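Keep in mind the model is a prediction, meaning the values are calculated, not measured.
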Amino acid sequence: MATDSATFSCVPADKLSQSAYAYAAANLHPAILTHSLRVWLYAKALSQREGSEYGSFERLPLLFAACIFHDVGSCAAHNGSQRFEVEGGDAATSHLRAHGVSDADAHDVWVAIALHTSPGIAERISPLARLIRLAVTIDFKRPAALRFTNREEVEAIETLFPRGDIEKVLGDAVVNQALVTVGAEARDIKAPAASWVGVMVRSARENPEWHGVNKSF
């Protein structure tokens with residue numbers, strides 16, 4: 001479990017970032033919250049190494065918001081009729097607009113969140129979406145993404161915010177949302193067959209006796 005001091009030193013001090021963190025902390029499972037903070041640290045480090053506009057002081061709050069909200073669709077408060085990625089994007093957009101963020105910037109955050117489980121699209125559709133996608137896949141140790149970090153960085157970030165059971169917690173959260181959705185048409189909207197969640201739903205149905213991390217995570 002992350003310490004309060006680690007979180008305090010990690011979250012940007014501006015009002016938008018502080019309010020976004022407070023919202024996420026009030027709604028997310030602790031393991032998903034610390035995953036989101038690790039994603040933030042990877043995305044920030046990558047943005048600054050690459051000289052991205054999102055590594056600048058003015059744009060960092062948008063980067064933080066995209067990171068901290070990217071899995072908000074997995075929580076009960078945002079378990080709506082749409083895919084969890086879309087629900088998270090909608091939640092972020094509402095929060096950003098309520099804090100005076102422009103429609104254009106809010107939409108950029110929405111795109112980054114809505115597409116963060118879409119390989120080959122997120123990396124190319126916008127600089128922010130690329131950063132979020134890479135940071136997420138770094139945290140899940142996908143081999144293609146690990147070239148964007150190094151062992152020392154990973155060890156430092158995981159010391160601040162230990163991994164816990166993030167793969168099982170997040171996988172179970174989004175799969176269970178889909179499994180309890182009533183009606184075939186509604187389930188197809190919530191978890192399209194070819195989507196990340198849809199593939200995990202199929203795995204859960206094919207392996208009912210399996211209680212570990214979803215085999216298609």
Side-chain angles (χ1 to χ4, degrees), residues 1-75 85 88-89 91-92 95-96 105 108-109 111-113 115-117 119 122-123 126-170 217:
M1 182 66 66
T3 65
D4 289 342
S5 60
T7 302
F8 179 80
S9 65
C10 166
V11 178
D14 64 278
K15 291 182 179 179
L16 177 60
S17 297
Q18 290 288 316
S19 64
Y21 174 76
Y23 189 87
N27 286 282
L28 288 175
H29 186 288
I32 300 176
L33 180 65
T34 53
H35 159 64
S36 300
L37 289 169
R38 290 193 303 274
V39 166
W40 152 243
L41 291 176
Y42 288 127
K44 181 176 71 167
L46 182 59
S47 72
Q48 293 174 342
R49 276 196 294 271
E50 294 186 340
S52 167
E53 64 178 299
Y54 288 98
S56 68
F57 177 80
E58 294 80 8
R59 307 293 277 177
L60 274 177
L62 295 175
L63 180 61
F64 180 80
C67 293
I68 207 69
F69 269 95
H70 85 277
D71 280 338
V72 160
S74 69
C75 74
E85 302 96 332
H95 189 86
L96 293 172
D105 284 342
D108 204 20
V109 171
V111 168
I113 294 172
L115 294 177
H116 81 269
T117 65
E123 292 91 340
S126 74
L128 180 58
R130 174 180 174 273
L131 286 170
I132 302 307
R133 172 69 185 170
L134 287 176
V136 168
T137 52
I138 287 170
D139 196 48
F140 288 134
K141 302 189 185 301
R142 301 296 195 254
L146 291 178
R147 65 189 177 91
F148 293 98
T149 186
N150 56 68
R151 185 178 63 186
E152 292 76 16
E153 183 172 82
V154 171
E155 289 177 352
I157 289 173
E158 291 187 356
T159 297
L160 277 177
F161 299 108
R163 298 189 60 75
D165 297 319
I166 180 55
E167 288 84 357
K168 179 163 177 56
V169 170
L170 180 58
F217 189 93

>> Determine whether Cys10 and Leu160 satisfy the following criterion, side chain to side chain contact (heavy atoms under 4.5 Å, CB included), listing intermediate values before the conclusion.
In response: CA-CA 9 Å; Cys10 166; Leu160 277 177; 5.9 Å; no
> Which pairs with one or both residues in residues 62-73 pass side chain to side chain donor-acceptor pair (under 3.5 Å), sequence neighbours excluded?
Replying inline: His35-His70, His35-Asp71, Asp71-His116
>> Please determine whether side chain to side chain contact (heavy atoms under 4.5 Å, CB included) holds for the pair Leu170 and Phe140, giving the CA-CA distance in whole Å, both sets of side-chain angles, and the decisive distance to 0.1 Å.
In response: CA-CA 11 Å; Leu170 180 58; Phe140 288 134; 3.9 Å; yes
>> When you measure from the side chain of Arg38 to the backbone of Ala135, do you find a donor-acceptor pair of N or O atoms at a distance under 3.5 Å?
In response: no
>> Among residues at least two apart in sequence or on other chains, which ones pass ring-ring contact (aromatic ring centres under 6.0 Å, His included) with His95?
In response: Tyr23, Phe69, His99
>> Please report the interatomic distance OG1(Thr137) to OH(Tyr42), rounded to the nearest 0.5 Å.
In response: 11.0 Å
> Side-chain contact, heavy-atom cut-off 4.5 Å: Leu33 with Phe161?
Replying inline: no
>> Is the shortest side-chain heavy-atom distance between Tyr21 and Thr7 below 4.5 Å?
In response: yes
> Can you find a pair of side-chain heavy atoms, one from Leu62 and one from Asp108, that are under 4.5 Å apart?
Replying inline: no
> Nearest 0.5 Å, what's the OG-CG distance between Ser52 and Leu131?
Replying inline: 5.0 Å
> Under the side chain to side chain contact (heavy atoms under 4.5 Å, CB included) criterion, do Leu128 and Val111 qualify, and how do the steps go?
Replying inline: CA-CA 8 Å; Leu128 180 58; Val111 168; over 6 Å; no
> Is Leu96 close to Leu16 at the side-chain level, that is, under 4.5 Å between some pair of heavy atoms?
Replying inline: yes
> Does Ser36 reach the main-chain N or O of Ile32 with its side chain, forming a donor-acceptor pair under 3.5 Å?
Replying inline: yes
>> Apply side chain to side chain contact (heavy atoms under 4.5 Å, CB included) to residues Leu60 and Trp40 and explain how you reach the verdict.
In response: CA-CA 10 Å; Leu60 274 177; Trp40 152 243; 3.7 Å; yes
>> What I'd like to find out is whether the side chain of Val11 reaches to under 4.5 Å of the side chain of Leu37, using heavy atoms alone.
In response: yes
> Hey, does Val39 have a side-chain heavy atom less than 4.5 Å from the side chain of Ile68?
Replying inline: no
> Any donor-acceptor pair under 3.5 Å linking the side chain of Thr149 with the backbone of Leu146?
Replying inline: no
> Once you round to the nearest 0.5 Å, how far does CG of Leu134 lie from CZ of Arg142?
Replying inline: 13.0 Å
>> Do Glu153 and Leu41 make a side-chain contact, defined as non-hydrogen atoms from C-beta onward lying under 4.5 Å apart?
In response: no
> What is the distance from atom CZ of Phe148 to atom CD of Glu50, rounded to the nearest 0.5 Å?
Replying inline: 6.5 Å
